[in-house]
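Step one of this worksheet: look at the structure below.
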Amino acid sequence: MQWFFALDAWLQALLASLVMYAMTTLGAACVFFSRRPNANVLTVLLGASAGIMIAASFFSLLLPAIEAESTLPTYLTVTLGFFLGGAFLVASDALLSHTQHTFRAIGDKRTALLYFAVTLHNIPEGMAVGVAFAAGAAGESLSPGGGAAVAGLLLALGIAVQNFPEGMCVAFPMRAKGMSPLRSFLFAQGSGAVEVPACVLGALAASAIGALLPWALAFSAGAMIAVVCSELIPECFSGNKTLATAGVVVGFCLMMALDVALG
């Protein structure tokens with residue numbers, strides 16, 4: 001993996017975002033083989049995704065934000081950044097929920113809102129990975145041989161894992177509403193494509209403006225926690241709560257172990 005860590009932050013972000021996008025595509029492709037996924041399997045996957053993202057938000061985003069230099073007091077930068085990230089997702093979801101437009105090309109209004117909500121939250125997810133790679137590059141330049149660069153890779157891995165069931169969660173409701181498998185697949189994989197430019201943009205912006213780094217990290221953490229609370233947790237706990245809880249715990253432990261051991 002040394003060749004990967006030797007690349008510029010934006011190239012690392014580009015390659016990682018392509019893997020994340022590929023996982024969304026693989027999840028969406030399941031629509032060709034079944035009209036509806038196994039409910040218990042989907043519950044565990046969504047729970048694990050939530051746990052992974054919660055752990056990644058703290059270990060890969062908030063901790064580096066706290067350790068980064070800031071023009072304002074650290075507690076103020078991290079708190080405001082986190083709040084703004086969460087507020088951005090809450091406001092975006094509220095805007096989508098109150099729209100009165102119809103989306104006949106996608107299906108009924110609920111299906112359309114799900115699609116746009118998933119697509120929207122993929123933007124800060126992608127930016128979070130790009131920012132984490134930029135933070136890793138900055139950490140390596142300050143402390144050569146350290147493990148800072150691993151944080152971006154671990155965060156990308158966590159998001160890639162949750163992108164697989166996410167692709168399924170977008171594709172299957174469209175298929176259930178009568179959309180063809182091919183069209184359901186195309187829409188679902190498109191929801192993950194926005195992560196690629198967002199990831200590269202996050203890396204470039206955070207690398208170019210060093211003072212932006214702690215703000216961007218905290219903002220991304222707030223956005224990711226808001227996504228977990230608004231999308232993943234309600235969805236997985238609407239089914240088997242025991243399996244959902246187990247998935248969250250296992251996902252969090254896995255991401256925490258990887259981050260602490262390798263970071």
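Between Ser184 and Arg175 the shortest heavy-atom distance is OG-N, 3.4 Å. Heavy-atom minimum distance, Ala156 versus Ala16: CB-CB, 3.8 Å. Residue Ala13 comes nearest to Cys199 through the heavy atom pair O-SG, 3.3 Å, listed as atom of the first residue, atom of the second, then distance. The two atoms that bring Thr74 and Ala65 nearest to each other are CG2-O, 4.4 Å, heavy atoms only. Leu80 and Trp215 make their closest contact through CB-CZ3, 3.7 Å (heavy atoms, listed as atom of the first residue, atom of the second, distance). Listed here is the closest heavy atom pair of Ala50 and Val228: CB-CG1, 3.9 Å.
Here the straight-line distance linking atom CE of Met20 with atom CG of Asn163 works out to 6.0 Å at 0.5 Å rounding. Rounding to the nearest 0.5 Å places CG of Leu84 at 12.0 Å from CG of Leu89. Between Phe32 atom CZ and Ser180 atom OG the span is 8.0 Å, to the nearest 0.5 Å. In this structure, Phe58 CZ and Ile225 CD1 are separated by 10.5 Å, a value rounded to the nearest 0.5 Å. Considering CZ of Phe164 and OG1 of Thr25, their distance stands at 11.0 Å, rounded to 0.5 Å. Taking OG from Ser17 and CG from Leu14, the interatomic distance works out to 5.0 Å, rounded to the nearest 0.5 Å.
Residues Asn122 and Tyr21 have side chains not in contact (no heavy-atom distance under 4.5 Å, counting atoms from C-beta outward). Looking at Val248 and Ile233, their side chains come closer than 4.5 Å, going by heavy atoms from C-beta outward. With contacts defined as side-chain heavy-atom distances shorter than 4.5 Å, the pair Ser57/Phe82 does not qualify.
Hydrophobic clustering (side-chain heavy atoms under 4.5 Å, transitive across Ile, Leu, Val, Met, Phe, Trp, Tyr) keeps Phe172 apart from Val44. Side-chain heavy atoms closer than 4.5 Å link hydrophobic residues (I, L, V, M, F, W, Y) into clusters, and following such links, possibly through other members, connects Leu26 to Phe185. Linking Ile, Leu, Val, Met, Phe, Trp and Tyr residues whenever their side-chain heavy atoms come within less than 4.5 Å places Phe83 and Leu62 in a single cluster. Residues Leu201 and Leu7 do not share a hydrophobic cluster, clusters being chains of Ile/Leu/Val/Met/Phe/Trp/Tyr side chains in contact below 4.5 Å. Side-chain heavy atoms closer than 4.5 Å link hydrophobic residues (I, L, V, M, F, W, Y) into clusters, and following such links, possibly through other members, connects Phe88 to Ile159.
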| said: Does Phe4 form a side chain to side chain contact (heavy atoms under 4.5 Å, CB included) with Leu11? I'd like the steps, not just the answer. | reply: CA-CA 9 Å; Phe4 178 80; Leu11 278 175; over 6 Å; no

| Checking side chain to side chain contact (heavy atoms under 4.5 Å, CB included) for the pair Phe219/Met127: CA distance, chi angles, key distance, verdict? | CA-CA 10 Å; Phe219 180 93; Met127 293 186 69; 5.8 Å; no

